[in-house]
Amino acid sequence: MKRTSRARARLAAAGAALALTATACGGSGGAGGGTETLNMGALFAMTGEGSFYGDVMSKGSQLAVDQVNSGGGAHGYTFELQVEDHRSGQVDAAVSAARKLLNVDGATVLLSSFTAPTVAVQPLAVDQGVLLLNGGGVGSDLVGKENLYNNRMLGAQLLPAMVSWSAERHNAQRVATIFWNDAAGRSDNEAVKQGCQQAGCQVVAEEPHAIGTTDYSAQLARIRSANPDMLVIGSYGNDVGYIIQQARRVGLTVPIIGNEWTPDAAKIAGQAMEGYTAIIDRFDPATSDPEGKAFAQEYERRYGEEPEFYAANYYDLTRFVLPALIKMAGDAGEDPTEPGVLAAEMATAVEQGHEFDTVYGESMTFNQDGTVVKPAAVFEADGQGQITPIATFEDGRIVMPGG
Amino acid sequence: MIHPATAIHPATADFGPAPQLAFDGLLVGSFYAMLAVSFGIIFSTTRTFHFAHALTFTVGAYAGVVAAEAGLPFWSAVLLGALAAAFFGVASDLLVYRPLRRRQAKQLNIFLASLGFLIAGEAVVQYVFGPNSRPLPSVPVTGVQFGSLATSSLQILIAVVSWLFVLLVAAFLRWSKYGLAIRGVESNAVLADAFGVSRTLIFVLVFFIGSFLAGAGGVLFAARDTATPGMGLEPLLAAFIAVFIGGIGSIAGAAVGGLVLGFAESLGAIVLPGYLTNIVAFVILFLVLVVRPRGLLAPRTT
């Protein structure tokens, strides 16, 4: 008798739990309900030479996911993030990982990074009606691709102005370039030529190199031989640190500029980084903007380090862009987990000039070609691992404070 | 507004930087020479294709970095890294290769085991130390100029230390009792057995010496660049190619092979873009294998 009562009580409890679960899952995604799951996939460089990027990008997006979920979800949807590794830009690894994310994990949105992997998975995203968001890759190949939107300012957007401004600033007539031998680096090299054309300088050496190289003696010997008076780097990650370190060690004292800076590269270059200027997305962890401040504080509390702009970009995509699109879908009576819905909402948002929130202190908008309009700035590095903004990028021009 | 990138065409011959490239070749070739000796002494004596030698290099580098981060002076970090690598190398032989040899495993099986060991080991290094690069702190580096030739004080130091280690190993093999035993096992292991030379002890010894050199190389490499989990593979491939260019079983051959490789890779940049100069290494290896299969300086076998 006693045993039967206990069994009944358990059965009743289980039934109640089941009923509660069914109620929770059966909702149509009412605001703040957090009742359905939206699967997100991320393709990051978790291993290999670019693993710094994977580390910060996954931290930024995971923080946003956790904040969205702990706040009750985004307009009825909680996020589940699955991160896969493209091994620092390997296209085949990226495609395999994307297939897994799309076909096994059921991702509705893909966060991607690096140019080549993003371009490689874009057709899959189109086939399956998935929105593809890139916050790291910078190559021109990312422009004008269906379903693909980039919230990292691309090399082609920033470098021509940077080169032209720097050539005038340093009175440089002879410019050398060293860059990744991939889509991103090659488009950066073209952007440098474009900038030089504007400034009337001459590109006297063009040195592509394999991604992840640590010895640049051959490239630097050829660059020195060309006797440039400015060096432009179109490389990324640790490579920037190695190039600057070795350029200074072999007596190349000319100004060095680029469109990348990471704390890891600064660690590698050490004191040699002093004076290097880079034009990058203008994120400042010491910002007074409430959203930016809250993000920086929480990131630092959780991970024990300051966020930089790549973490900020993926945070923005997950924390602000995606919830805004989900809301738009909900308002239109659409289910954002259905193929094509989020991509269509993004296209509509872009067409309407929708301003998305960011942690940059200003909102951002996207162009029809998938490029972003957001704050960017020129930073100057010291030899102690820090950077300071010295000019801003406005309407395609670089503007000094007060100028 | 945004233009697609155009292809970069291979550079035409430019002899302007040739002296600098030759100088760089000498410096990097010296480092390759040491690594070639470190790999060559193990391979020629034990006939073990120790692909995980790359992992030994990495272990030495990280041990050196940890030592330097703990405040030890640079040379202590180099010594500690070399010793850690030496013991790791010996452990690799005892725990991975010896059981396989006992079971009469074929060369291919040993190679595959070594490859797996390398992949697993790199993953463990990444798990323990993280994926990001770890620079060796407090290494004083200054630029050095010899007329139009430029390099860093560290590159010079690496070259000097490399040759010092090569000469020490050569002297050890030439004049010490154990060196004679190593040469005995290398040329005829069965006969050496008959003379009471312990093959087990000799294998441990060559793994210790070769791994010590690799570890020292790893720390020096980390001082020049940084330590990363996958840092060992490229130097190992250079060492491996240099051994085959110079000839298996010859310390002088390995050293010369390293130098040839360094010069070839560096001077290749006269006609090729920097990212294609690795091709030169394989072209030379191919030519040596076709024209002189035993290598440039290997003793003629009877």
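Everything numeric in this text was worked out from a predicted model, so none of it was measured. Every chain is numbered from 1 and lettered A, B, ... according to where its sequence line falls, protein lines coming before strand lines.
A:Asp182 and A:Tyr236 share no donor-acceptor pair across their side chains, judged by distance under 3.5 Å alone. A:Thr262 and A:Asp264 share no donor-acceptor pair across their side chains, judged by distance under 3.5 Å alone. Between the side chains of B:Tyr32 and B:Ser162, no donor N or O sits under 3.5 Å from an acceptor N or O.
The closest donor-acceptor contact from the side chain of A:Asn259 to the backbone of A:Ile279 lies at 3.5 Å or more, if one exists at all.
Both the backbone and the side chain of B:Arg224 come within contact range of chain A, each with at least one heavy atom under 4.5 Å from a heavy atom of that chain. Residue A:Thr213: no heavy atom, backbone or side chain, is found under 4.5 Å from chain B. Using a 4.5 Å cut-off between heavy atoms, A:Gln271 does not touch chain B at all. Both the backbone and the side chain of A:Phe52 come within contact range of chain B, judged by heavy atoms closer than 4.5 Å. No part of B:Thr142 comes within reach of chain A, as not one of its non-hydrogen atoms sits under 4.5 angstrom from that chain. Proximity to chain A is limited to the side chain of B:Thr228, based on heavy atoms less than 4.5 angstrom apart.
In this structure, the separation between NZ on A:Lys267 and CD on A:Gln245 is 14.0 Å, given to the nearest 0.5 Å. Put simply, CD on A:Gln194 and CG on A:Asp188 are 11.5 Å apart, with the number rounded to the nearest 0.5 Å. Distance OG/A:Ser140 to CG/A:Leu154: 7.0 Å, rounded to 0.5 Å.
Per-residue counts of heavy-atom pairs under 4.5 Å with chain A were compared for B:Val144, B:Leu27, B:Asp24; the largest is that of B:Asp24. Ranked by heavy-atom pairs under 4.5 Å with chain A, the list B:Pro19, B:Gly130, B:Ser152 is led by B:Ser152. When the candidates A:Ala210, A:Gly212, A:Ser217 are compared by the number of heavy-atom contacts under 4.5 Å with chain B, A:Ser217 comes out ahead. Heavy-atom pairs under 4.5 Å with chain B were tallied for A:Ser51, A:Gly185, A:Gly48, A:Ala218; the largest tally goes to A:Ser51.
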TODO: Please test A:Thr177 against A:Asn189 for side chain to side chain donor-acceptor pair (under 3.5 Å), starting from the C-alpha separation and ending with a verdict.
DONE: CA-CA 7 Å; A:Thr177 64; A:Asn189 189 49; 2.7 Å; yes

TODO: Start with the C-alpha distance between B:Ile284 and B:Leu261, add both sets of side-chain angles, then the distance that settles side chain to side chain contact (heavy atoms under 4.5 Å, CB included), and finish with yes or no.
DONE: CA-CA 8 Å; B:Ile284 290 178; B:Leu261 186 63; 5.9 Å; no

Open item on the list: A:Tyr216 vs A:Glu207, test: side chain to side chain contact (heavy atoms under 4.5 Å, CB included). Steps then yes/no.
Closed with: CA-CA 10 Å; A:Tyr216 294 89; A:Glu207 290 295 329; over 6 Å; no

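Proximity of A:Leu43 to A:Phe114: side-chain heavy atoms (C-beta onward) are nowhere separated by under 4.5 Å.
Proximity of the aromatic rings of B:Phe244 and B:Phe240 is defined here by a centroid distance below 6.0 angstrom, and this criterion is met.
Contacts of residues 216-223 of chain B with chain A at a heavy-atom distance below 4.5 Å involve B:Phe221, B:Ala223, listed in sequence order. Within residues 113-129 of chain B, the residues that have a heavy atom under 4.5 Å from a heavy atom of chain A are B:Gln126, listed by number.
Considering A:Tyr299, A:Tyr53, A:Phe44, A:Trp261 as possible partners of A:Tyr310, the one that fulfils the ring-ring contact (aromatic ring centres under 6.0 Å, His included) test is A:Tyr53.
More than 12 heavy atoms of other shown residues, nucleotides or ligands fall within 6.0 angstrom of atom CD in B:Glu69.
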